[in-house]
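In what follows, a single structure is set out as structure tokens and then discussed.
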Amino acid sequence: MSDTEKTHFGFEQVNIQDKSKHVASVFHSVAAKYDVMNDLMSAGVHRLWKRFTIESSAVRPGYNVLDIAGGTGDLSAKFSQLVGPSGQVILADINSSMLNVGRDKLINRGFVGNLHYVQADAQQLPFPENHFHCITIAFGLRNVTDKDEALRSMYRILKPGGRLLILEFSKPQNIALEKVYDTYSFNVLPLIGKLVADDADSYRYLAESIRMHPDQETLKNMVLNAGFHRCQYYNMTGGIVALHKGIKT
Amino acid sequence: MFNDPALASALSWGLEKAVNKTLKFDPGSRTKLQALSGKSVIIELSEPEAMIKITILGEELSLALQSGAERNDADRADANIKGKLKDLIKFANYRSRSLAGTGIDIHGDLNFMESFQNILRQLDIDWEDALAEKIGGPAAHTLMQSVQATKKQLVNSLPKKERLNEYLTNEIALTPSRAEFIQFRAEISELRDACDRLTAKTSIVDHAIKTLRTKS
């Protein structure tokens, strides 16, 4: 990888080595208001998208679950209840600010015992192979510099028969909806970011990064190329968000 | 059932909140549920078609409505129940343990299912307490007393099963008497015979007309 090789940071082109620093800066900035912004931007619908992700996980008592880019812990909290005292949930995030907010929130809500916190890069996950029954990554994959490397890393540490769940913004399936969505993303979101979090730029990056993320079929093929045996996706809210489910044989 | 999985999630979320809010008013059942924490059951309905997964988490229930896309998934539960909704409701209220002839298929951990079924049968929701949260204690008490009194009156005023026939026929004239029914049946039979005779005479005339046409 040469020093001058470029990648996208939203609509901007940056050096590959610098992307993670730019992303880190965004999430350090938004961490404190992340939950309230999610509710405002999606009118609370993000809770339904995450609920469907949990329902698709088939997680049971005693399971080991990894929640990558788990941020403020929405999914980890529910997984902690589902795996019970004999299971284990690891909330992993590359960003220390997000991890701290998530850890404080979950401890305050009484989720202790089977929940652990790890600062880790999705491209180089520091876990033994064939270890987890389920891995989730919600609204985090689009921020990863090398998505293929991250998918291969997730494949390695998943148990045979285990499932990977990728919840991410995707391509609307309807042209009219796409136009409305574009207007909302590029005009309304940065304004909400400015008013609530005093940070329009981070929310502009959010909108841009969504447009640069692979669409449903492309991501499905990437998951299959990483070694997964099966991959299917479910569109939600007209394709604005999609859940990809990959199974390792 | 749902094209957008988020809609199914919204419905299951609403149901779950309603169920757990109601369960709050039966502490006894909640304690019994705790003993089954971590267990789950998948109910596959055929009329109407739906699949719901119920997981016991501590003293609460977690519900998930599964869409058609999920049905072939290797989702596992401690027990699986298949059947029509009306058969399930009947079985849930029926005290017998036998599944024979119910149209319901249960497999998995039967001890868990029996325990869960007993909890559901023995639910004792303190509706007065639930209402009191919304309208205040004295109002809730008065309302519940009225409801109980009305319920008792209705039960007493309904005819006993043995006198039901007499009640339907003579009291409210909803059904005919036996004599009236026999008379009606005889009249229908006479009408049928008359129609048969008319049909036979019509076909004779028809045949005669055809013969005349042929000759001419």
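Lettering of chains follows the sequences in order, A, B, ..., and the numbering in each one begins at 1.
Residues Asp78(B) and Arg60(A) form a side-chain contact, since some pair of their non-hydrogen atoms from C-beta on lies under 4.5 Å apart. Using a 4.5 Å cut-off on side-chain heavy atoms (C-beta onward), Ser62(B) and Lys78(A) make contact.
The CZ atom of Phe52(A) lies 11.5 Å from the CG atom of Leu7(B); values are rounded to the nearest 0.5 Å.
Nearest heavy-atom pair, Pro5(B) versus Asn235(A), reported as atom, atom and distance to 0.1 Å: CD-O, 3.3 Å. Contact detail for Ser9(B) and Glu55(A): the closest heavy-atom pair is OG-OE1, 3.4 Å. Between Leu82(A) and Leu57(B), the shortest heavy-atom distance links the atoms CD2-CD2, 4.0 Å. Nearest heavy atoms, Pro61(A) versus Gly38(B): CG-O, 3.4 Å.
Taking a 6.0 Å sphere around OH of Tyr184(A), one finds it holds more than 12 heavy atoms contributed by other residues, nucleotides or ligands. The number of heavy atoms from other shown groups lying within 6.0 Å of CD1 (Ile175(A)) does not exceed 12. The neighbour count for Lys82(B) NZ, taken as heavy atoms of other residues, nucleotides or ligands under 6.0 Å away, does not exceed 12. More than 12 non-hydrogen atoms from other residues, nucleotides or ligands lie less than 6.0 angstrom from CZ of Phe186(A). The environment of CD in Glu190(B) is sparse: at most 12 heavy-atom neighbours from other residues, nucleotides or ligands sit within 6.0 Å. Within 6.0 Å of NZ in Lys84(B) there are 12 or fewer heavy atoms belonging to other residues, nucleotides or ligands.
With Asp4(B) contributing its side chain and Thr237(A) its backbone, the two residues share a donor-acceptor pair below 3.5 Å.
Residues Arg51(A) and Ser12(B) bring a donor and an acceptor atom of their side chains to less than 3.5 Å of each other.
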Donor-acceptor pairs under 3.5 Å, side chain of residues 20-27 of chain B to any protein atom, not counting sequence neighbours: which ones?
from     : atom 1 : to        : atom 2 : distance (Å)
Asn20(B) : OD1    : Leu61(B)  : N      : 2.8
Asn20(B) : ND2    : Glu16(B)  : O      : 3.2
Asn20(B) : ND2    : Leu61(B)  : O      : 2.9
Thr22(B) : OG1    : Ala18(B)  : O      : 2.8
Asp26(B) : OD1    : Ser29(B)  : N      : 3.4
Asp26(B) : OD2    : Ser29(B)  : OG     : 2.4
Asp26(B) : OD2    : Asp124(B) : N      : 2.8

